[in-house]
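Shown next, in structure tokens, is the structure this report addresses.
Numbering starts at 1 and runs along the sequence shown. Computed from a predicted model, the values in this text were never measured in an experiment.
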Amino acid sequence: MDWFVSDLHMFSRRSIYHEHADEILARASEARVFVLGGDIVDFSWTTLPSVEATIDAAMQWLSDLVEANPNCQFHYLLGNHDCHSDFVEQLGKVTESHANLFWEPYFLQIGSAVMLHGDAVHLKERNNLALAAARTSKHQFKQPEYRHKIYQMAIRSRLHAVVGKLANPKRIVAGRIWDYLSNEQVDLDSAVRNVYFGHTHVPMQDYAFRGVHFHNGGASISGLKFNMLPMQLDGELHPR
């Protein structure tokens, strides 16, 4: 079985990764392909002493995961919370030293399946150039403590869950992802059957839009639903 997981937001106060860690590790041990679909780590909202300490912890976690499962091919897709430039640099180095680890800044296609983080849905211009610009301007610094406290208040009131659903209707989200991938020359009309994405934190399972099925596993955040997504892959794996 092949798996997609996103939005763990590890090292942030809101993350409940620890509740899903055993399942994630178990699935990875059985997988042929395992896609980490962005926002696996959260540098903006980290509770560790610094961004640098968070990068070190993230690299250790990723290296341990990949080394423990040499028969699985891992793909790391960047999200808007883990696109920190120093992390990306380290990610490239770790990828070079592990034959079963790959990374992509925007999206990955294997056969008729496309995987991406999905943060392009909230941009006016939905393409890689605009996505790169948006990511560069945000999430490069750790948030101050007072903002952590405000965010915690929103989570306790479950406001984040309500706002997420209202702001991300399935049809609109699927349509915007369609626009983004089309702008990046992905043949959605005939070559793609399934799209797996994260970012919105709103679960979506087999949602059909223009003949393509869209899937979202939610987020590993307190008060939200979270699922790992089994993927249907029918193409050739990434060669090394």
Side-chain angles (χ1 to χ4, degrees), residues 1-12 15 17 20-21 23-44 46 51-52 54-111 113-120 128 131-132 134-136 138-140 181 184 195-199 215-217 219-220 226 228-231 233 235-240:
M1 182 68 73
D2 304 316
W3 294 92
F4 178 94
V5 60
S6 70
D7 296 275
L8 300 181
H9 290 275
M10 291 172 61
F11 309 117
S12 69
S15 176
Y17 164 74
H20 307 287
E23 178 189 7
I24 291 170
L25 297 177
R27 297 299 189 191
S29 70
E30 302 169 351
R32 181 188 61 142
V33 176
F34 197 93
V35 177
L36 297 161
D39 286 3
I40 301 302
V41 184
D42 195 325
F43 294 108
S44 293
T46 181
V51 168
E52 291 75 16
T54 309
I55 291 173
D56 290 342
M59 287 296 107
Q60 187 64 59
W61 178 86
L62 182 59
S63 296
D64 290 346
L65 178 67
V66 172
E67 291 171 5
N69 300 284
N71 295 322
C72 177
Q73 188 173 106
F74 290 88
H75 293 267
Y76 198 112
L77 308 180
L78 292 179
N80 54 305
H81 282 271
D82 54 8
C83 61
H84 193 284
S85 56
D86 292 342
F87 174 72
V88 174
E89 181 180 354
Q90 291 302 314
L91 183 59
K93 293 178 180 179
V94 171
T95 299
E96 290 178 359
S97 62
H98 293 83
N100 61 326
L101 176 63
F102 306 83
W103 77 276
E104 298 289 343
Y106 303 117
F107 66 89
L108 168 70
Q109 182 171 2
I110 299 177
V114 175
M115 291 71 75
L116 71 161
H117 182 58
D119 42 331
N128 286 346
L131 193 54
R135 288 177 173 180
T136 300
K138 298 179 180 179
H139 308 298
Q140 297 292 309
L181 293 174
E184 293 302 325
V195 172
Y196 304 90
F197 71 102
H199 182 64
H215 315 267
N216 187 302
S220 179
F226 171 78
M228 298 182 64
L229 298 175
M231 296 187 296
L233 300 184
E236 293 294 325
L237 300 187
H238 201 305
R240 173 62 88 181

Beyond-backbone contact of [X] with [Y], side-chain heavy atoms, under 4.5 angstrom:
X: Val195; Y: Leu181; result: yes
X: Thr54; Y: Phe87; result: no
X: Tyr76; Y: Asp82; result: yes
X: Val114; Y: Phe197; result: no

Any sub-3.5 Å donor-acceptor pair from [X]'s side-chain atoms to [Y]'s backbone N or O?
X: Ser220; Y: Tyr17; answer: yes
X: Arg135; Y: Asp119; answer: no
X: Asp7; Y: His199; answer: yes
X: Glu67; Y: Asn69; answer: no
X: Ser63; Y: Gln60; answer: no
X: Asp39; Y: His81; answer: yes

Q) Out of Asp42, Thr46, Ile40, which residue meets the side-chain contact (heavy atoms from CB on, under 4.5 Å) rule with Met10? A) Ile40

Closest approach of [X] and [Y], non-hydrogen atoms and distance?
X: Cys83; Y: Gly79; value: CB-O, 3.2 Å
X: Ala31; Y: Cys72; value: O-CB, 3.4 Å
X: Leu233; Y: Ala113; value: CD2-CB, 3.5 Å
X: Trp103; Y: Gly92; value: NE1-CA, 3.9 Å
X: Leu78; Y: Pro105; value: CB-O, 3.8 Å

Can you list everything that forms a ring-ring contact (aromatic ring centres under 6.0 Å, His included) with [X]? Sequence neighbours excluded, please.
X: Tyr196; value: His215
X: Phe11; value: none
X: Phe4; value: none

Q: List the steps, then state whether side-chain contact (heavy atoms from CB on, under 4.5 Å) holds for Leu8 with Ile24.
A: CA-CA 10 Å; Leu8 300 181; Ile24 291 170; 3.7 Å; yes

Going from [atom1] on [X] to [atom2] on [Y], what distance comes out if it is rounded to the nearest 0.5 angstrom?
X: Glu23; Y: Leu25; atom1: CD; atom2: CG; answer: 10.0 Å
X: Leu77; Y: Tyr106; atom1: CG; atom2: OH; answer: 12.5 Å
X: His117; Y: Glu104; atom1: NE2; atom2: CD; answer: 15.5 Å

Q: Would you sort out whether Leu62 and Leu36 count as a side-chain contact (heavy atoms from CB on, under 4.5 Å), showing the intermediate values?
A: CA-CA 10 Å; Leu62 182 59; Leu36 297 161; 3.8 Å; yes

(Q) Go through it in stages, so that I can follow the logic: the residues are Asp2 and Ile110, the test is side-chain contact (heavy atoms from CB on, under 4.5 Å), and I'd like the CA-CA distance, side-chain angles, deciding distance and then a yes or no. (A) CA-CA 11 Å; Asp2 304 316; Ile110 299 177; over 6 Å; no

Q.
Using side-chain hydrogen bond (donor to acceptor under 3.5 Å, both in side chains), reason through Gln90 and Asp86 one step at a time and then give a plain yes or no.
A. CA-CA 6 Å; Gln90 291 302 314; Asp86 292 342; over 6 Å; no

Q: Evaluate the criterion side-chain contact (heavy atoms from CB on, under 4.5 Å) for residue pair Met115 and Leu108; output intermediate values, then yes/no.
A: CA-CA 5 Å; Met115 291 71 75; Leu108 168 70; 3.6 Å; yes

